[in-house]
Amino acid sequence: MRVVVAEDQTLLREGLARLFEDAGHEVAATFADASGLVEAVTADPPDLVVVDIRMPPTFTTEGAQAARELKERLPSVGVLVLSQHIETTHTADLVGYGGFGYLLKDRVLEVGEFLATAERVARGGSALDPKVVARLVRADRDGPLERLSDRERDVLALMAEGLTNSAIANRLVVSDRTVEAHVRHVLAKLDIPDSDDTNRRVLAVLTHLRAAAQGG
Amino acid sequence: MSLLWDVPAGVPVSSTVRNGYRPAHRHGRGSSLRATTDAAKRNGTIADDRWVRDNQGVNEVTQRVRLSRCALACLALIVVGQALAVALSWRLEPWTDTVLYAAYSLVLGGAGVLVASNHPRNPIGWLMLWLAVSNTLFGDLAQGYGLQAIERGWPAGTLGEWMNTSVVALQIVPLLAMWLLFPTGRLLGRRWGGVLVAGGLATVLAVGGYVFGDRAAGDFVGGVNPYVVESLPDDAMWLIGNVFLVVALVGSVTALFVRLRRAAGVERQQLKWFALSVAIAVLVLPFGPFLWDRYPVLRAMTAVVLLLPPIAMCVAILRYRLYDIDRIISRTISYGVVSAVLAVVYVATVVVLGALVGRSSAWATAGATLAAALAFRPSRARVQTWVDRRFDRVRYDALARIDAFIDDLRAGRAEPEQVDALVRDVTGDAAVAPRGALVGEVTAKAALAVEIAGLRRELRQRLAEVEASRARLVVVADEERRRLERDLHDGAQQRLVSIGLALRHAQHQLGAEIAPDASRTLDGAVAEIAVAIDELRELAHGVRPASLDAGLGPALHELARRAPLPVVVDATGQRFTFDAEAAAYFVACEALTNAVKHSQASEVWLGACAREGTLIVRVADDGIGGATQSRGSGLRGLADRLGALGGSLTIDSGHRGTTITASIPCAS
């Protein structure tokens, strides 16, 4: 796949580019800040844009804004936002677009998983960092999640991360059928409408979790 | 033409004080008062310059006294004339008369020189000089010559005697004029000129009738007036003239009282000097004739009393600020009354004891002396208070107000800062303002309060500075945390990720199949790096949560999500200043940590809202309570932090639950 990398730190930018190239992907362009990123991508859309959330000049949410603009203009281009720390305010709602991912930067060190996630996002799937999901799930201890079994909670977390049923099956080392059964149970217990669209399912799960976390 | 003499100051106030430093060798009340006043003025304690300026009237002591040559020439004439007169009359008349007249003229002349030199436009000084000169030349000198001439057979002896008798003709009108013109040199009104006319008529008629009639015979050594004009109706002239004289005297005394009544401020103080001297003279002079023959030495008292009015006039015109005339009056009265009281005590004791132990017993005298001595102190204090209240109401009231204020100050009913207004009010009073000495007294009494007020002002200023610097420190510390957090995230953490990526790249280059051992080693290294990154992230979050960048609301939600127990968040989405948000966040953080650690709570409620320019953060739990600020440095530190921002922290921790509320001023 063709990848565009936007990251202000040179070493990291080169490292990311090399990571993709090592895996046999094409790095179409790299950017040191968010300016010109949207235009360049619009002119020659790649399959995936990897963007750092904090970039010059203010080092706050330039990356997140660029990501939002890209998702609005080019829904088909996958956008993967990288962050140094867990911060969901500017990005969580972008998950609903599909083809969007939000990961902590150190995920890149788990090269295999990172590339799999990147490819999933490029294909239009969703990805949410396990740490973010874990925090959401943890926060909802007294809510309806109490009714889930441990295994079902694991499945819920992986669903929230944006994994498909077969990816979940791979991760948990169980059969696809078992995963499907778990997913059905989870959705039924939490009263979430089932959907074939993984992205919509992720969004529904996240909405539920976030509501549970904030509403108590 | 005038000469300049420096007259040394009689009061411990010198120009050096005015120049800004305090002379070390002077510790008089005057200088400390001045220093206090100056300090107060510098500190802005005394905004109104007026009473300070008036008070500086005390400094007039150091001003130069001018001596005019013309007046000095008159004085020289008087001195020479008196020397001659004394030499001529010596032993030819009672020596007390010689000395008394000489002293009278010299004192009058001296006073005249001072007044005329410094206020040449005021006729008083020249009138004094005229009286002294005429008295010397046509009175004393003529008299001396007359006596000596008759003794030695010189010619025209009786003319000298006659001149001495008639010298009063030169003095009635000037004397009346002095009374009428004092102290301003101007008449009260045109009509008062009538008094002078009456004086003139009295001079012509009474003096004429006297010096040209038989009445003056007693003034001549020969017992006969050789200048009698037989055709003159001297009895009628004498009688009518005396009527005019009485009218003129009554008129001039009335003028004095009218003036005293109308005058205010400085003029009133000046008149008081004169009135005092006249009052003393009026009281004492009647005793003269009785005591004159029995105790010749007491004639000196008469002389002294007669000298008082010119001295009083001189002081009143030149130095009315130097001494507090009201105080002198009240002291004079009180000592007079005390003397009378003691005399009564003495006499009564002598009479009573005399009746008991015998008339001439030394015991009676000793007992009376003892009784008088014992009665002195208590009666003096009582009489002084009574006199102050009765005769110097202004001083009594002024000092009483300061006393009352100091009492209030001690009791906490008044603030030291009010001393400015009080002193200004008291010394600005029309009756107090012209009395330099009283102004000084009032200021000295209030000096402690002035000092306290100054110190308090300084303290407040210092406190404000310290508070400002504390707030700056907190802001700087917050800024530092923000920078540290960014450095950790964007510096160390990113670098570690880069290194990890480089290792992964190396792993790729090696090929996992070709070098499985190296690949495993690299896996381990990358895992270590991941742990390090995680640790750094937690560290950075503790320094300052990055979630605060998104605002207080998101940061509090984030905080709630990380908590190990259910937290209900009700936070505003409003943005506040950077330091207000940081303070609010750390309050919530610390309170939540306390709730988790100590409260055994099952649920925590976390709220943040803005109300009337104040950001209020409230953390409530349903735990066991008992939280105090002293427990653990966490809440204490937070209270300090909030205090630095001008906010406050309240802890309400009963048996059911704890509620911690922080108020932080915020501009938005």
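The sequence lines fix the lettering, A, B, ..., with proteins before strands; numbering per chain opens at 1. None of the values given here were measured: they were computed from a predicted structure.
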Closest non-hydrogen contact found for E485(B) with R54(A) is OE2-NH2, 3.2 Å
For the interface with chain A, which of D523(B), L496(B), V526(B) has the highest count of heavy-atom pairs at distances below 4.5 Å? V526(B)
To the nearest 0.5 Å, atom CD of Q507(B) lies from atom CG of D22(A) at 10.5 Å
When you compare the side chain of D52(A) with that of Q494(B), does any pair of heavy atoms fall below 4.5 Å? yes
Out of curiosity, L109(A) CG to R504(B) CZ, how far, rounded to the nearest 0.5 Å? 6.5 Å
State the NE2-CG distance between H505(B) and L16(A), to the nearest 0.5 angstrom. 13.0 Å
Does R537(B) use its side chain to pair, donor to acceptor, with the backbone of Q84(A) at less than 3.5 Å? yes
For the pair K131(A) and E538(B), evaluate salt bridge (Lys or Arg N to Asp or Glu O under 4.0 Å) and give the outcome as yes or no after the intermediate values. CA-CA 13 Å; K131(A) 267 220 166 101; E538(B) 289 306 312; over 6 Å; no
Compare all side-chain heavy atoms of Q9(A) with those of R495(B) and state whether any distance is below 4.5 angstrom. no
CG-CG distance between D106(A) and L501(B), expressed to the nearest 0.5 angstrom: 10.5 Å
So, the part of E110(A) with a heavy atom under 4.5 Å from chain B: the answer is both
Can you tell which part of H508(B) gets under 4.5 Å to a heavy atom of chain A, answering side chain, backbone, both or neither? side chain
Without hydrogens or angle criteria, can the side chains of K105(A) and Q493(B) be said to hold a donor-acceptor pair below 3.5 Å? no
For L104(A), which atoms come within 4.5 Å of any heavy atom of chain B: side chain, backbone, both, or neither? side chain
